[in-house]
There are 2 protein chains.
Amino acid sequence: MKLEVATKIDSLDTQKMIISKIGELINFKNLEPGDKLPSERMLSEKFEVTRSNVRGAIQKLEFYGLLESIPQSGTFVANIGVIAMNGMIEDILKLEEPNFKSLVETRILLELKTVRLASLRRTDDDLKRIKEALDAYTKKVLKGEDAVQEDLLFHLALAKASGNSTLNNFMLIITPEIITNFEKYHVCDKSLARQGIEEHNAIFDAVKKQDPKLAKQKMKEHFNVLYQYCYNIKK
Amino acid sequence: MKLEVATKIDSLDTQKMIISKIGELINFKNLEPGDKLPSERMLSEKFEVTRSNVRGAIQKLEFYGLLESIPQSGTFVANIGVIAMNGMIEDILKLEEPNFKSLVETRILLELKTVRLASLRRTDDDLKRIKEALDAYTKKVLKGEDAVQEDLLFHLALAKASGNSTLNNFMLIITPEIITNFEKYHVCDKSLARQGIEEHNAIFDAVKKQDPKLAKQKMKEHFNVLYQYCYNIKK
DNA sequence: ACTTATAAATTGGTTAACCAGATTAAAATC
DNA sequence: GATTTTAATCTGGTTAACCAATTTATAAGT
């Protein structure tokens, strides 16, 4: 178990090293937007690493929109200048792992916005899906069972109804970590879940009525407990 | 050029198909959190695709926190139940590409929060970095040159100072797309840039004074033009 | 000299064989 | 019969050879 982690970290370190060197290369060779990077084979030789490692690093930079690989042609510098490239690579290398506090903090921010947008933009289809998620949650809680998953699915249904794909994507990214941390720290106990039903219903009604202000208000109240909790944990 | 795109889409479609089938498998076999998925080799045979494709699909589900691969051991279902798993896989498959409007909308939301947090949590080191970014921006604008990159780096410096790694990560994800779209739609012309100097200065002063309310207010004013623009574009 | 046709080299992507560690099954030992 | 040893198998990860499309270089044709 120890070794796996060690090798994974090793692999991450070499990836960071490669990303850093690619950054230097773009500087040194003064590669402008649209210019072609040296081939993966050359880079692997130059950096004395395997081509797989180079590909991994390029993929990461592709994810952050800094490079674009085109099959049988090459890897190209994205249409952002050298300065932004440098700054962003530096930031990416320094990026810390998300901790629970940052996750909850961000979730609350995202949800207050998504619920507002959802109440403005929801279609009848959206409303139907939200209702289904709400019913599933209510049913589970009334049976006295754990309903963390149904809880989050209700919130994801709202995110989808917001009509903002970026916000929706971000909600999807943080949700699993939220769930596991909730279960780890036992954030949601049964008594809170009963209260949750009423709060979810209030949110649903506001979205149904298409009242953004009320929806945001109800979401805020819903997060009240969580908010307190979030600002009391150490890390 | 046409073919590349076509093959990329094909590859994405098969990946979606695999993700969908993995979801069905988890349902059908009733795999609980922590259970082991069939091996990559078996899955590739069962789904009649290459192991690479299976690995790609698993990597995506790993990114969204639904699976975890452990070397020489297997791929395991994350510690979120079957219900959340189903809902999230469905959402991931339906996720649309981010459009400019959703990007700007999300950016404004994130920045109003990060600047508030930055003014509360910034260290002296953070302040120094923000100042450097501000100076670089000012210098470029006064020379009459394009300063979109320096502009965004100033904002990224604020995101870093927010002390919230999740928010910081999200800002990094959307920044390149923002830059390219800005240049595509010519959002920032020279006259706005001059005004931008004052606005950036006001934001910096508020962060320096550690005044979260003022910082948020100044950021809001800074986004005023962009805000109008964002809500006028079609898509 | 210029365009077209052809061939060689280069590219990112794919794949089948291989690797080291982990797991399981079988065998040996007491 | 229970415990330890050993061997065989299975795992995700890695790699070197291969692929098809592209790009560049060369040759041919006019």
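Letters A, B, ... mirror the listed sequences (proteins, then strands); counts begin at 1.
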Does [N] have OP1 or OP2 under 4.0 Å away from a side-chain N or O of [X]?
X	N	answer
B:R41	D:dT11	no
A:S73	C:dT10	no
B:S52	C:dT14	no
B:T75	D:dG12	yes

Starting at [atom1] of [X] and ending at [atom2] of [N], how long is that distance when rounded to a whole Å?
X	N	atom1	atom2	result
A:E40	C:dG12	CD	P	5 Å
B:L43	D:dG13	CG	P	13 Å
A:Q72	D:dT22	CD	P	7 Å
A:F76	D:dT22	CZ	P	12 Å
B:N53	C:dA16	CG	C1'	15 Å
A:R51	D:dT15	CZ	P	12 Å
B:M42	D:dT9	CE	C1'	14 Å
B:Q59	D:dT14	CD	P	10 Å

Problem set entry | Closest listed nucleotide, where the reference is the side chain of A:R55 and the choices are C:dG21, C:dG13, D:dT14 |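 Nearest nucleotide to the side chain: C:dG13.
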
Problem set entry | side chain to side chain contact (heavy atoms under 4.5 Å, CB included) partner of B:R55, chosen from B:E40, B:E62, B:K60 |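 In the set B:E40, B:E62, B:K60, the residue that makes a side chain to side chain contact (heavy atoms under 4.5 Å, CB included) with B:R55 is B:E40.
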
Exercise. Between A:S165 and A:N168, is any side-chain donor less than 3.5 angstrom from a side-chain acceptor?
Worked result: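 Distance-only check fails for A:S165 and A:N168.
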
For this session: Could you tell me whether A:K143 and A:E150 make a salt bridge, using a distance below 4.0 angstrom between a side-chain N and a carboxylate O?
Result: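 No salt bridge links A:K143 with A:E150.
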
For this session: Begin from the C-alpha positions of A:F154 and A:Y137 and carry the test ring pair (Phe, Tyr, Trp, His ring centres under 6.0 Å) through to its verdict.
Result: CA-CA 8 Å; A:F154 172 76; A:Y137 173 73; 7.3 Å; no

Exercise. What class does the angle between the rings of A:H200 and A:H155 fall in, given that below 30° is parallel, 30 to 60° is tilted and above 60° is perpendicular?
Worked result: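 Aromatic pair A:H200/A:H155 classed perpendicular.
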
Exercise. Taking for each residue the nucleotide of DNA chain C bearing the nearest heavy atom, is the 5' side occupied by B:T50 or by B:K36?
Worked result: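 Whichever sits nearer the 5' end wins; that is B:T50.
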
